[in-house]
Structures are given as structure tokens and as C-alpha cells.
Amino acid sequence: MANRNVPIPRRQLYIGGEWREPVKKNRIPIINPATEEIIGDIPAATAEDVDIAVEAARKAIARDDWGSTTGAQRAKYLRAIAAKVLEKKSVLATLESLDSGKTLFESAADMDDVAGCFEYYADLAEALDSRRKTPVNLNSDSFKTYVLREPLGVVGLITPWNYPLLMAIWKVAPALAAGCAAILKPSELASITCLELGEICREIGLPSGALSILTGLGPEAGGPLASHPHVDKISFTGSGPTGSKIMTAAAQLVKPVSLELGGKSPIVVFDDIDNLDIAAEWTLFGIFANTGQVCSATSRLIVQESIASAFLDRLLKWTKNIKISDPLDEDCKLGPVVSAGQYEKVLKFISNAKSEGATILYGGERPQHLKKGYYVQPTIITDVNTSMEIWKEEVFGPVLCVKTFKTEEEAIELANDTK
Ligand SMILES: NC(=O)c1ccc[n+]([C@@H]2O[C@H](COP(=O)([O-])OP(=O)(O)OC[C@H]3O[C@@H](n4cnc5c(N)ncnc54)[C@H](O)[C@@H]3O)[C@@H](O)[C@H]2O)c1
Ligand SMILES: C[N+](C)(C)CCCC=O
Ligand code: NA
């Protein structure tokens with residue numbers, strides 16, 4: 001049983017290796033989506049704090065204790081972070097569930113992935129040393145030529161709430177492995193574990209300024225980071241519309257940018273499948289894991305007409321048995337969505353689908369046994385056509401839409417019918 005009373009640490013911004021109150025002293029409430037209660041608050045960074053963090057990052061790169069490290073030295077820091085994450089796994093997982101509504105099982109698995117990711121990039125950092133300077137043979141006596149692999153500089157990392165710590169460290173770990181100085185701006189909807197990463201970096205003695213963590217709102221903290229002239233690259237994971245804004249800001253400075261955005265992935269089930277149960281299990285996993293809040297969620301089921309009825313019967317039977325509860329409950333399989341905004345958005349998608357003529361085969365509402373919390377029933381929608389919003393747009397919630405096909409060509413065309 002999880003300890004629901006894990007205290008929520010009250011942190012400041014993590015800048016230049018220390019905790020620093022935001023210049024404007026503002027804070028943002030932390031809401032537990034399972035109870036709708038305010039359980040703490042996080043600091044809200046603004047452009048002024050971004051300036052301070054960028055300065056700290058530039059200093060780190062100029063200092064020998066970060067700027068002149070070998071990959072092997074940086075790998076030691078990454079492995080120390082991984083070990084601390086595992087040591088604190090139970091508390092971190094509980095904090096992640098309280099903040100984001102993820103089931104405790106999923107949060108714990110995320111923490112294993114976080115540690116694994118730091119280990120993976122530690123290996124790559126070590127491997128970098130022998131490749132840092134590779135000669136290039138130009139068949140010329142007049143020139144000596146090399147390829148030098150160097151860190152890019154200061155990198156800004158802006159991340160979403162669906163895997164709060166995991167999506168952040170998919171960027172932090174490679175940036176540190178490469179020897180960059182990183183500034184992380186996590187999502188304001190779930191930042192607790194990212195701030196705890198700051199505490200871990202302090203505990204293991206990561207050189208100051210190698211990583212700063214600025215919590216805060218997108219336009220107020222993420223915006224100034226993306227458009228800062230001394231941030232050499234932006235790496236962003238989040239929604240398409242925000243990605244487009246980030247790319248626009250970066251383009252003004254011809255700044256490199258990586259974007260990992262949303263999706264509307266298909267899962268295709270053919271009638272020659274050996275085991276319908278396994279297909280049903282993966283279909284449910286694909287759309288209901290993390291309450292459907294996954295960029296790669298398989299939100300469109302495309303099933304061959306001849307088995308559609310039998311397959312849907314099976315899906316329906318299992319969907320009705322999914323345990324929806326507080327994510328810290330044992331055996332919880334479906335927690336709430338992350339926020340009131342996300343809850344409204346998901347319900348609106350469902351009501352729009354209904355008005356466009358689709359059938360809600362199952363779900364579509366708040367579960368009756370839960371009076372509080374941003375819970376949505378696992379939902380299956382049929383009688384969908386390809387011009388409907390539910391077929392085209394990312395819901396980012398526990399909502400599966402279904403279409404049938406006759407031929408393989410038709411299945412492929414439907415699968416690829418996405419922007
Ligand atoms: N491709 C992937 O690997 C992947 C992984 C996880 C999530 N996602 C996508 O993320 C989306 C859900 O996440 P979200 O709701 O947090 O996305 P979002 O775009 O609303 O926010 C992502 C981040 O951008 C920040 N932000 C918002 N406006 C900004 C602005 N104007 N300037 C700078 N930063 C700004 C937010 O504060 C947050 O930190 C979904 O579309 C999902 O598919 C993709
Ligand atoms: C592989 N994970 C852990 C499901 C992460 C998916 C990232 C997108 O939301
Ligand atoms: Na939260």
C-alpha cells in the first residue's frame with residue numbers, strides 16, 4: 001500500500017546548483033487530479049530567472065569542472081544520479097502519482113526507466129571520449145584535418161506532464177552526457193519530481209550550472225527560454241500548437257530545435273490473428289495505459305470487418321472490468337486525467353463525436369462511483385467516419401475510436417490517414 005502522506009517538498013527554482021526564489025516571488029498551486037485538492041505549490045519562473053539561469057549555464061561551460069570534463073567524468077555524475085533515483089524510487093513514484101494521477105505501478109516503472117536512461121547515456125558519454133577527435137584523411141601533406149565532437153552549449157529543454165520526470169530526463173541525460181549545460185522547464189501541471197531531480201543533483205555534487213530547473217508557466221518561463229539569444233538549442237516535447245510557437249521563436253534566431261509532438265496512432269487487427277485475446281489486450285493497453293495520455297497511444301482501432309463484432313465484444317467485456325480508482329490504490333488500472341482543463345477537453349471531444357453522429361459504445365462519462373477527481377470512463381466510440389473530429393484530432397485521454405476495413409489496402413490507407 002502506498003504512503004499517501006509523503007510530504008510534498010516546498011522547493012524554489014534550482015539555478016546554479018542552489019535553490020533560488022523566483023525574482024517575482026510568484027508560485028503556482030500543485031493540484032492532485034485524484035482529489036482536486038491543492039497539495040502544495042511550485043515556484044513560477046519568469047524572463048528574469050531565465051536570464052540568471054542562462055548566465056549560470058554559460059559560466060558552467062566556461063569552468064573546468066564542467067566545460068573541460070571528459071565523457072567518463074560526466075558518466076560518473078549520470079550514474080550517481082541513476083543510483084539516487086533508485087534509492088528514492090518509492091517516494092519519487094508516490095510524488096509522481098500524487099501530481100499527475102498516474103497509477104503507482106506506472107510511476108514506479110517510470111522511475112526504473114529514468115534510472116535506466118541515465119545509465120544508457122553514461123555508457124554513451126564514456127564511448128564519446130575515444131571519438132572526440134577523429135582524424136580525416138584528405139590525402140594532403142599541407143593540412144591536418146579532424147572531426148571534433150563538442151557540446152553545443154546551453155540547451156533549453158521544455159517538457160510535458162504525461163511522463164513528468166521521464167520525458168524531462170530523456171532530454172537532460174543526453175544533454176549532460178554530451179557536456180552541454182541544460183536548463184529544464186517542466187510542465188506547470190506536474191513539476192514535483194523534476195524539482196526533486198534538482199535536489200538529487202545537489203546531493204551528488206553535479207557542478208553548478210550544469211543543470212538548472214525552472215518551473216513555471218509556458219509563455220512566462222518557456223517562452224523566454226526559447227527566444228533567449230544565448231540558448232544555443234531548444235528541445236521540446238509537447239503539443240503541436242506549442243511546438244509550432246517554439247519553432248517560430250527559434251527561427252527568429254536561426255536556432256536549432258527538436259520537436260517531439262502529438263499523435264493519432266492506429267492499431268490494425270487482421271482476421272488471420274491467432275489469438276484474439278492478445279490483440280484485445282494490446283488494444284486496451286495501447287489506449288488506456290496512462291489514461292490514454294501517451295503521444296504514441298493507439299487511439300484509432302482499425303479492425304477487419306469479419307472479426308469486428310467478436311473483437312468488440314471482447315474489448316467491451318474487458319473494458320467494463322477496468323478498475324478506476326485513486327491511482328495510489330492497489331490494483332488501480334485507470335487513474336484520472338491530469339487536470340480540470342484536460343478533463344473538460346476530453347469530455348468535449350466525446351460530446352462532439354456524439355453530435356457528429358458517432359456511437360458511444362461504452363463510457364463517455366465520469367464514473368459514477370467517483371464524485372471528486374478528473375476521472376473519465378474508458379470510452380469506445382464506433383460508427384466513426386474519417387471526416388469526424390474524433391478520427392482526426394489527438395484526444396490525449398482514454399478514448400478509442402473504431403473503424404472497420406475489408407482489404408489490406410483499405411487498412412493501410414486508413415492507418416495513414418493522419419496529419
Ligand atoms: N512525441 C513525444 O515523445 C511526446 C511525449 C509526450 C507528450 N507528447 C505530446 O505532448 C502533448 C501533451 O503535453 P502538454 O499538454 O504538456 O503539451 P503543451 O504543448 O501544452 O506543453 C508542453 C510544454 O510546453 C510549455 N509551453 C506552453 N506554451 C509555451 C510557450 N508559448 N512557449 C514555451 N513553452 C510553452 C508548457 O508549459 C509545457 O512545459 C500531447 O500532444 C502529446 O502527444 C509527445
Ligand atoms: C515509452 N513511454 C514510456 C510510453 C513514453 C512515451 C512518450 C510519449 O508520451
Ligand atoms: Na498536478
Side-chain angles (χ1 to χ4, degrees), residues 8 28-42 44-45 47 50 95-102 106-107 109-114 116-117 156-171 183-194 213-228 231 234-250 257-265 285-286 289-299 327 335-342 345-346 373-374 393-397:
I8 311 291
I28 299 167
I30 303 170
I31 295 168
N32 175 352
T35 60
E36 302 179 32
E37 279 164 9
I38 296 177
I39 55 173
D41 53 37
I42 54 167
V50 172
L95 291 172
E96 197 77 303
S97 288
L98 286 169
D99 202 1
S100 70
K102 262 170 191 290
E106 289 181 270
S107 294
D110 283 7
M111 296 310 135
D112 289 334
D113 279 2
V114 167
C117 180
L157 316 176
I158 302 177
T159 55
W161 44 261
N162 62 336
Y163 291 82
L165 187 57
L166 186 60
M167 289 301 100
I169 67 94
W170 275 12
K171 301 187 188 302
I183 302 171
L184 169 66
K185 207 303 276 175
S187 167
E188 62 277 18
L189 294 177
S191 288
I192 302 178
T193 50
C194 286
I213 302 165
L214 301 182
T215 52
L217 301 175
E220 286 174 20
L225 188 61
S227 59
H228 200 291
V231 172
I234 287 287
S235 178
F236 170 81
T237 299
S239 65
T242 310
S244 166
K245 282 185 199 152
I246 303 267
M247 203 173 198
T248 304
V257 48
S258 303
L259 303 172
E260 298 192 46
L261 306 176
K264 192 78 185 173
S265 299
F285 174 81
N290 209 36
T291 316
Q293 303 163 121
V294 187
C295 56
S296 48
T298 47
S299 50
V337 297
V338 73
S339 66
Q342 194 65 18
K345 200 174 132 193
V346 172
Y374 308 125
E393 299 296 329
E394 182 183 46
V395 175
F396 225 57

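In listed order, ligands and their atoms are each counted from 1. This is a predicted model, so every value here is computed, not measured.
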Run the side chain to side chain contact (heavy atoms under 4.5 Å, CB included) check on Leu214 and Val50 step by step: do they pass? CA-CA 8 Å; Leu214 301 182; Val50 172; 3.8 Å; yes

Side chain to side chain contact (heavy atoms under 4.5 Å, CB included) between Val395 and Ser299: does it pass, once the steps are laid out? CA-CA 8 Å; Val395 175; Ser299 50; over 6 Å; no

Could you establish whether Gln293 and ligand 2 come within less than 4.0 Å of each other, counting only heavy atoms on the residue side?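 No.
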
If you take the nearest heavy atom of each of [options], which one is closest to [atom]?
atom	options	value
atom 9 (C) of ligand 1	Pro160, Gly238, Ser191, Pro241	Gly238
atom 41 (O) of ligand 1	Gln342, Glu188, Glu394, Glu220	Glu394
atom 26 (N) of ligand 1	Gly262, Ser239, Gly218	Gly218
atom 3 (O) of ligand 1	Glu260, Lys264, Lys345	Glu260
atom 9 (O) of ligand 2	Asn290, Asn162, Thr237	Asn162

Polar contacts were defined as any N/O atom of the residue lying under 3.5 Å from an N/O atom of the ligand; does this apply to [X] and ligand 1?
X	value
Trp161	yes
Ile246	no
Trp170	no
Thr242	yes

Quick check: do [X] and [Y] have side-chain heavy atoms less than 4.5 Å from each other?
X	Y	answer
Ser187	Thr159	no
Asp110	Leu165	no
Ile192	Glu96	no
Lys171	Glu260	yes
Ile28	Thr215	no
Tyr374	Ile31	yes
Ile30	Ile8	yes

Check each atom of ligand 1 against the heavy atoms of [X] and keep those under 4.0 Å away; list them by number with element.
X	value
Thr237	2 (C), 3 (O), 4 (C), 5 (C), 6 (C), 7 (C), 8 (N), 22 (C), 44 (C)
Met167	5 (C), 6 (C)
Cys295	1 (N), 2 (C), 3 (O), 4 (C), 5 (C), 8 (N), 43 (O), 44 (C)
Lys185	36 (C), 37 (O), 38 (C), 39 (O)

Tell me, which protein residue and heavy-atom name are nearest [atom], and how many Å apart are they?
atom	result
atom 1 (C) of ligand 2	Trp170 CH2, 4.0 Å
atom 31 (N) of ligand 1	Lys245 CD, 3.9 Å
atom 4 (C) of ligand 2	Tyr163 OH, 3.3 Å
atom 12 (C) of ligand 1	Phe396 CE2, 3.5 Å
atom 25 (C) of ligand 1	Ile158 CG2, 3.7 Å
atom 1 (N) of ligand 1	Leu261 O, 2.8 Å
atom 23 (C) of ligand 1	Thr159 O, 3.5 Å

Could you give the distance from [atom1] ([X]) to [atom2] ([Y]), rounded to the nearest 0.5 Å?
X	Y	atom1	atom2	answer
Trp170	Leu157	CH2	CG	14.5 Å
Leu166	Cys194	CG	SG	10.0 Å
Glu220	Leu225	CD	CG	14.0 Å

Any heavy atom of Gly223 closer to ligand 1 than 4.0 angstrom?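 The answer is yes, since Gly223 has a heavy atom less than 4.0 Å from ligand 1.
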
Look at ligand 1 and say whether Phe236 reaches it with a heavy atom at a distance under 4.0 Å.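 The answer is yes: ligand 1 sits under 4.0 Å from a heavy atom of Phe236.
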
Between Pro186 and ligand 1, which part of the residue brings a heavy atom under 4.0 Å of the ligand: side chain, backbone, both or neither?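 The answer is the backbone.
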
Side chain, backbone, both or neither: the part of Asn162 lying under 4.0 Å from ligand 1 by heavy atom: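 For Asn162, the contact with ligand 1 is made by the side chain alone.
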
Tell me whether Leu189 has at least one N, O or S atom under 3.0 Å from the Na ion (ligand 3).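 Checking the Na ion (ligand 3) against Leu189, an N, O or S atom does fall under 3.0 Å.
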
Mark yes or no for whether [X], through its side chain, and [Y], through its backbone, hold a donor-acceptor pair below 3.5 Å.
X	Y	result
Asn290	Asn162	yes
Glu394	Ser239	no
Gln293	Val338	yes
Lys185	Gly156	no

Atoms in ligand 2 flagged as close to [X], the criterion being non-hydrogen separation under 4.0 Å:
X	answer
Cys295	7 (C), 8 (C), 9 (O)
Leu166	3 (C)
Met167	5 (C), 7 (C)

To the nearest 10 degrees, how large is the angle at the Na ion (ligand 3) between Asp99 O and Ile31 O?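 Answer comes to 90°, rounded to 10°.
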
Within 45° cone of Tyr163 ring axis and under 6.0 Å: Lys102 NZ or CZ: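 Ring-cation test returns yes.
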
